[in-house]
Amino acid sequence: MEFVALALIGLVSGIIGSIAGLGGGTILVPVTLFVGLNLGMIPDITPQSVVGLSVIMMIANGLGSTLSYMKVKTIDYRSALLFFAASIPGIILGALVNKSVSLSSFNLYFGILLIILSTLLLTRKYLKPIRWFVDNGKKIKFTDPQGKTHIYGYPIWFAILLSLFIGFTSGLFGIGGGTMIVPAMILLFLFPPHVAVATSMLMVFLSAIVNSVSHISLGHVPWLYTIPVVPGAYFGGMLGAYLNSKMKSDTLVLVIRIILLVFGLRSIYEGIWG
């Protein structure tokens, strides 16, 4: 029964994660902990093992999504590679810190992080565009499939520092980095939402490979549970990328916002009263 539950969790996490550029870990981690511990379906699951499962899942989810986004040409490869390379030291440090985090602390801090990100996106329309990063950084021009040209960008030094921090949270929570880099790209660097999501998924794929090495070496990966999760996440990633290409930018941001808010509140509840 737990294999069926994990396969469904992998599929849904892959679809939603790919649509929003979150990598699926944002969905898989709290849902697996809830199904495994609260419902008692996976009694041997722990924060460490669910993070290990999440990073393996994100390799499959990231690969499926990236291949799909490559076809529609919405990936900013240079930005993805820069963000990824700068995040590597943070990923390794986060994985080491994860080893000593309790379940209640994990849920509480994870939930707070998601609420902060959701709030930033919730107030996006009411905030003036922050043009400082574009005006004082490397400018990038992108023409979307509809023929509309977008200008976005960032200072290299700031992108490196931000990626280090995002890498740390990725290694600590097993969320792939997309949960933070997508809002940052949209709010600070003025990326078009579809480009932000596609670029994030390439970064998620590359980061998950490094992240998995750290968690495998620490013995955090429950290999038996990867059997149902990985195929679901791979095909979910491809389906999510397809759905993303059919959605309007405002709809996409709304989806990201709702996902972060719901699971953030759930994690905080579990951290305090669970």
Is there a chain of hydrophobic side chains (I, L, V, M, F, W, Y, each step under 4.5 Å between heavy atoms) that links [X] to [Y]?
X: V4; Y: V12; result: no
X: V197; Y: M70; result: yes
X: L67; Y: I59; result: yes
X: I130; Y: W157; result: yes
X: L8; Y: F3; result: no

* Results of ring pair (Phe, Tyr, Trp, His ring centres under 6.0 Å) for F205 - residues two or more places apart only ->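 Once residues adjacent in sequence are excluded, F205 has no partner under the ring pair (Phe, Tyr, Trp, His ring centres under 6.0 Å) criterion.
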Side chain proximity check, [X] to [Y], heavy atoms < 4.5 angstrom:
X: F133; Y: L187; value: no
X: L206; Y: L81; value: yes
X: D76; Y: I140; value: yes
X: H150; Y: H194; value: no
X: L82; Y: I160; value: yes
X: L188; Y: Y154; value: no
X: S200; Y: M185; value: yes
X: L53; Y: L6; value: yes

* Donor-acceptor pair, S65 side chain versus G62 backbone, under 3.5 Å? ->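 Between the backbone of G62 and the side chain of S65 there is no qualifying donor-acceptor contact (under 3.5 Å).
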* Output yes when a side-chain donor or acceptor of S87 lies under 3.5 Å from a complementary backbone atom of F84, and no otherwise. =>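 Looks like yes, one N/O pair under 3.5 Å.
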Say you draw a straight line from [atom1] of [X] to [atom2] of [Y]; how long is it, rounded to the nearest 0.5 Å?
X: L11; Y: L239; atom1: CG; atom2: CG; answer: 7.5 Å
X: I272; Y: I268; atom1: CD1; atom2: CD1; answer: 6.5 Å
X: S68; Y: M201; atom1: OG; atom2: CE; answer: 9.5 Å
X: Y69; Y: Y242; atom1: OH; atom2: OH; answer: 13.0 Å
X: I15; Y: N61; atom1: CD1; atom2: CG; answer: 10.0 Å
X: I9; Y: E2; atom1: CD1; atom2: CD; answer: 11.0 Å

If you draw a 6.0 Å radius around [atom1] in [X], do more than 12 non-hydrogen atoms from other residues or ligands fall strictly inside?
X: K71; atom1: NZ; answer: no
X: F158; atom1: CZ; answer: yes
X: Y109; atom1: OH; answer: no

Nearest non-hydrogen partners of [X] and [Y], listed with the distance:
X: L172; Y: V51; value: O-CG2, 4.1 Å
X: A80; Y: L202; value: CB-CD2, 3.7 Å
X: P89; Y: A86; value: CD-O, 3.6 Å
X: I56; Y: S212; value: CD1-CB, 3.7 Å

* To do: Using side-chain hydrogen bond (donor to acceptor under 3.5 Å, both in side chains) as the criterion, list what pairs up with T74, not counting sequence neighbours.
  =>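 Testing T74 for side-chain hydrogen bond (donor to acceptor under 3.5 Å, both in side chains), a comparison that skips the adjacent residues, returns none.
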* **Derivation and outcome, side chain to side chain contact (heavy atoms under 4.5 Å, CB included), residues L96 and S214** => CA-CA 8 Å; L96 293 173; S214 300; over 6 Å; no
* Going by atom types only, do S49 and T46 share a side-chain donor-acceptor pair under 3.5 Å? ->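 Looking only at side-chain atoms, T46 and S49 do form a donor-acceptor pair, the distance falling under 3.5 Å.
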* To do: Could you verify whether a donor N or O on one side chain and an acceptor N or O on the other, from S79 and T199, lie under 3.5 Å apart?
  =>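 Not at all, the side chains of S79 and T199 share no donor-acceptor pair under 3.5 Å.
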* To do: Verify whether the ring centers belonging to Y152 and F191 lie closer than 6.0 Å.
  =>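 So the answer is yes for these two rings.
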Pair up each side-chain donor or acceptor in residues 218-238 with any protein partner under 3.5 Å, not counting sequence neighbours, and list the distances.
residue, atom, partner, partner atom, Å
H220, ND1, H215, ND1, 2.9
Y225, OH, D44, OD1, 2.9
Y225, OH, D44, OD2, 3.4
T226, OG1, W223, O, 2.6

